[in-house]
Visitor: 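Sharing a structure below in structure tokens format, with a few things to ask.
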Amino acid sequence: MSEAATPPGSVPGTVFPPGFDPVAESVEKTLCFRGFWAWAVLILLIALGISLFMWLLRKCIQGPAYRKANRIDGKVVIVTGCNTGIGKETVLELAKRGARVYMACRDPGRCEAARLDIMDRSRNQQLFNRTLDLGSLQSVRNFVERFKAEESRLDILINNAGIMACPRTLTADGYEQQFGVNHLGHFLLTNLLLDRLKHSSPSRIVVVSSAAHLFGRINREDLMSEKNYGKFFGAYSQSKLANILFTLKLSNILKGTGVTVNCCHPGVVRTELNRHFAGPGWMKSVLQTGSLYFFKTPKAGAQTSLRLALDPQLESSTGGYYSDCMRWPLVPWARNMQTADWLWRESEKLVGLPPLEPPPPGQSPTQNGNGTQNGIGSSSASATANPASGEMQSVETVVVNRS
Ligand SMILES: NC(=O)c1ccc[n+]([C@@H]2O[C@H](COP(=O)([O-])OP(=O)(O)OC[C@H]3O[C@@H](n4cnc5c(N)ncnc54)[C@H](OP(=O)(O)O)[C@@H]3O)[C@@H](O)[C@H]2O)c1
């Protein structure tokens, strides 16, 4: 057996087994060493690439911001449901721009906490905590009565409050909760404030709707979802479609008055709106984590409302649907004026307002398109809201002049 020759560079006297090439071995070791770093760098690059992609995705998801710096010092604004979420961010920005804001919230404690926080951050003392429960028509009337006693003008009304996908419950007046709060409460509120808005023209109404309207249909046979209740695709989507049809009808009614009304979809926003989500715990955690990357922040969610409320360029634009600060066309069922007319008349009856327009031929003033009285299939609706009831208060006592 012959011994291998000692290769250059190796320790003299070292004995290598036959067939062993220490030079090749050393090159291989170097390559292995390099290979480790190559992998580390590759992994680092992939991680950086993913982070950059997520950052860009998050940026894109946040959408455009309203960047004009115009101020609205002294303008009187009402924002509903603004103790949290999109509404709170909307108030913060309006306050920074000098508005006098009436924060219309159902929980005075949560409203006060939000008001103090916004006052601190905006350095604006002109913020007022007012109670408004859109699930009670009486609360809406009380709010309007107090507001009118305090202010002679109203420049901007932002109908922002909303609830989503809750279990089927009824408002104080016996209406399905999501339709009652998201549509009927705001319908009455806006109508009762029209005189102030007209008096202060040019003035604006902003209605926060949702892309969920795409799934919605106005169910004339079962407006209160008594026969069939779908939390999201049924009742919520119907109420958000109602927001849009209301906007279109109101924009027609307000032509020539200097009061504009537009609606918007804020985007998919990380707020408390999903508080009624009843899925398993793990799904909630996944949603919570995912929403950090894939949902808008409340500040980003407020941008379209802010543009509609503030942009001087939109002073005479009315009847539009906006998302990501841009105007979008509506699907046919969201611009069906026959449905909008029907819904308007129906809503007037449900909240106890006298009709603005005469009913269509062949229909009595108290009949809805379905032939039933006022569209209330159940006896749960209160007498206050049901004009057909003998015990009803006279319309004049509950309606503040809206002409
Ligand atoms: N977040 C989204 O992804 C998204 C998407 C499309 C549309 N929207 C719409 O954006 C609007 C704002 O929602 P958000 O995401 O900011 O939700 P949020 O964080 O849950 O805020 C909703 C606000 O509405 C208030 N509210 C609920 N019921 C009310 C009632 N009966 N009377 C008065 N105020 C009431 C809430 O008050 P409490 O805190 O006291 O309950 C809260 O201040 C809603 O109209 C919603 O439909 C949101």
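Small disclaimer: the values here were computed from a predicted structure and weren't measured. Counting starts at 1 for both ligands and their atoms, following the listed order.
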Visitor: Which residues pass the ring-ring contact (aromatic ring centres under 6.0 Å, His included) test with Phe232, sequence neighbours left out?
Guide: Tyr236
Visitor: Please list every donor-acceptor pair under 3.5 Å in which a side-chain atom of residues 286-294 meets a protein atom from a residue at least two apart or in another chain.
Guide:
from	atom 1	to	atom 2	distance (Å)
Thr289	OG1	Ser285	O	2.8
Ser291	OG	Arg270	NH1	2.6
Ser291	OG	Leu287	O	3.2
Ser291	OG	Gln288	O	2.7

Visitor: I'd like to know if the side chain of Arg115 reaches the main chain of Leu127, judged simply by a donor and an acceptor atom lying under 3.5 Å from each other, with no hydrogens or angles considered.
Guide: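 Pair found, side chain donor or acceptor close to backbone of Leu127.
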Visitor: Quick one, Trp328 with Tyr322, criterion ring pair (Phe, Tyr, Trp, His ring centres under 6.0 Å). Give me CA distance, side-chain angles, the key distance, then yes/no.
Guide: CA-CA 6 Å; Trp328 293 83; Tyr322 291 72; over 10 Å; no
Visitor: Select all protein residues for which some heavy-atom-to-ligand 1 distance is less than 4.0 Å, and list them by chain and number.
Guide: Gly81, Cys82, Asn83, Thr84, Gly85, Ile86, Arg106, Arg110, Leu132, Asp133, Leu134, Gly135, Asn160, Ala161, Gly162, Ile163, Val181, Val208, Ser209, Ser210, Tyr236, Lys240, His265, Pro266, Gly267, Val268, Val269, Thr271, Glu272, Leu273, Arg275
Visitor: Tell me, yes or no, whether the heavy-atom count around Lys59 atom NZ, taken from other residues, nucleotides or ligands under 6.0 Å, exceeds 12.
Guide: no
Visitor: Just jot down the salt bridge (charged side-chain N to carboxylate O under 4.0 Å, His left out) partners of Glu272, sequence neighbours excluded, or say none.
Guide: Arg110, Arg275
